[in-house]
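Remarks on the structure that follows.
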Amino acid sequence: MADEAGPAGADETSVKEAWERVRRRLRAELGEDVFSSWFARLELAGILEGVAYLTVPTRFLKSWLEAHYAERLRLNCAAELPAPNGVILSVRQVARDAAAAPLAESALRSRAALSPAPVKTEATAAAAIPGAQPCERDSVDACGTALDRRMSFQSFVVGKSNQLAFAAAERIAAAPAGQSPYNPLYLHAGVGLGKTHLLQAIAQEARRQGKRVAYFTADRFMYGFVAALKSQTALAFKEKLRGIDLLVVDDVQFIQGKSIQQEFGHTINALLDAGKQIVVAGDRLAGELEALDERIRSRLGGGLVVEVGELDETLRATILGSRLEALQNAHPSFQVSPDVVAYVARVVATNGRDLDGAANRLLAHATLSGQLVTLETAEAAIRDLVRTREPRRVKIEDIQKLVATRYNVSRADILSERRTAAVVKPRQIAMYLAKSLTPRSLPEIGRRFGGRDHTTVLHAVRKIEKAIGEDRSLHDEVDLLKRMLQE
């Protein structure tokens, strides 16, 4: 691959062979039926700065893989591909016009990059931003990822867990350019809880008011920057971003690579200094995004930070009811009783995307079988979506505090260089729990434990694993700590 599209020494043939090995592993682990249904159209676009970029043809397929197979994808790619920094999944977009064809895949592949023919239209600048659509002639002159018109404020279902985020989003969208009281706005939430919907609603309402808006997913921002470098339009790309009124970035935790983070940081600083609005969403607090530069984390955490909480049963029932109503408008014979709605909302206790999946399964069952939707048939239709609620996200700080309290030491002792037995044992247990209960890597855990090396963390994990296998009382003690952290 070219230097900008992959690691040194990783040629096209070797990467293709490695990707085929990933596919074979997935097929062997999941079976032919599951592989054919969900992975057959998954493609490797390329590798950039140690990140494997995978693409699928539809938004639904991307959401499903993220919700159900993200960790399996990451592990298999890490085992075969030269991509130690992780995996990013995005939707392949078909260009509407050959002159405005996105450069995302061609810039990342090791084949000769296709340069767009120069044209004197409004689409020219958008072509430097993969996934961008040409701006409407009477709209704004700053484009990013195409917006989904269905994700508006009107279609967003408000409940206790998201009402603060919704109110802040509405206030920002309605405020005159440069006069928002909350800047930047940082939303954080788990998968499928509505943060993307709110970001898209903000962008669409702001555009409707004539503001210059750029909406990006993290992967599209990275693709845009790389494509601009390849096509030698980096200066125009930067100037375009600095000329907008509102920058909206989703899934900021996926922005990786030193040069890309630097450009992202410069853009944020320039816009904030100029009084322009920034809205960003991530999967956790900005201070916990260890992969991001510390200055970026500080900037994002310096504004209004709002968590979009988990959906309670009442809100799930309301969301499901709205989804079913939309389907019933298109299929008048499709009817679902309130008892079925209540049942599905109770047992599908994960996120909004799974509720969408449940509604689609109920529709498929009714239209394909010709049978009425009853509690019994609904149970069969959504069986794969009914699973135990995932344990709450555990933070390393919570682990350190609980272990310190349990063993009568301070958190400062655990982070210190002290090596007395009274401190070493709880420190190693805390490291073991951090590796077991969080998605953090060994180097990240080491940094959170006083800047220790990853080999120190690995030694602690292995030592505690061995000890709990031999000492039943320690096994029960560690198991109790796990339950306390996850409840």
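For reference, positions follow the sequence shown, starting with 1. Only heavy atoms go into these numbers, but all of them, side chains included; no hydrogens, no water, no symmetry mates. These numbers come from a predicted model, not from an experiment.
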Discussion item. Please evaluate residues Q200 and D148 with respect to the criterion side chain to side chain donor-acceptor pair (under 3.5 Å), reporting the C-alpha separation (whole Å), side-chain torsions for both, the decisive distance (0.1 Å), and the verdict.
Written reply: CA-CA 7 Å; Q200 292 235 3; D148 185 342; over 6 Å; no

Practice prompt. Apply side chain to side chain donor-acceptor pair (under 3.5 Å) to the pair D413 and S410, showing each step before the final yes or no.
Written response: CA-CA 5 Å; D413 288 333; S410 68; 3.1 Å; yes

Worksheet item: What's the verdict on salt bridge (charged side-chain N to carboxylate O under 4.0 Å, His left out) for K401 and E397, showing C-alpha distance, side-chain angles and the deciding distance?
Response: CA-CA 6 Å; K401 291 175 183 177; E397 290 82 357; over 6 Å; no

Fill in: From CA spacing to verdict: salt bridge (charged side-chain N to carboxylate O under 4.0 Å, His left out), R74, E71
CA-CA 5 Å; R74 185 188 68 78; E71 182 64 11; 2.5 Å; yes

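Around the CG atom of N408, the shell of radius 6.0 Å holds no more than 12 heavy atoms that belong to other residues, nucleotides or ligands.
Taking 4.0 Å as the cut-off between side-chain N and carboxylate O, D356 and R323 count as a salt-bridged pair. A salt bridge links R208 with E205: the closest approach of a Lys/Arg side-chain nitrogen to an acidic carboxylate oxygen falls below 4.0 angstrom.
E263 and T267 form a side-chain donor-acceptor contact under 3.5 Å, judged by distance and modelled atom types alone.
Residue V22 is tested with L81, L44, L42 for a side-chain contact (heavy atoms from CB on, under 4.5 Å); the sole match is L81.
In terms of modelled atom types and a separation under 3.5 Å, the side chain of Q261 and the main chain of I255 share a donor-acceptor contact.
Annotation: the span from I202 atom CD1 to L185 atom CG amounts to 5.5 Å, rounded to 0.5 Å. Distance NZ/K463 to NZ/K425: 10.5 Å, rounded to 0.5 Å.
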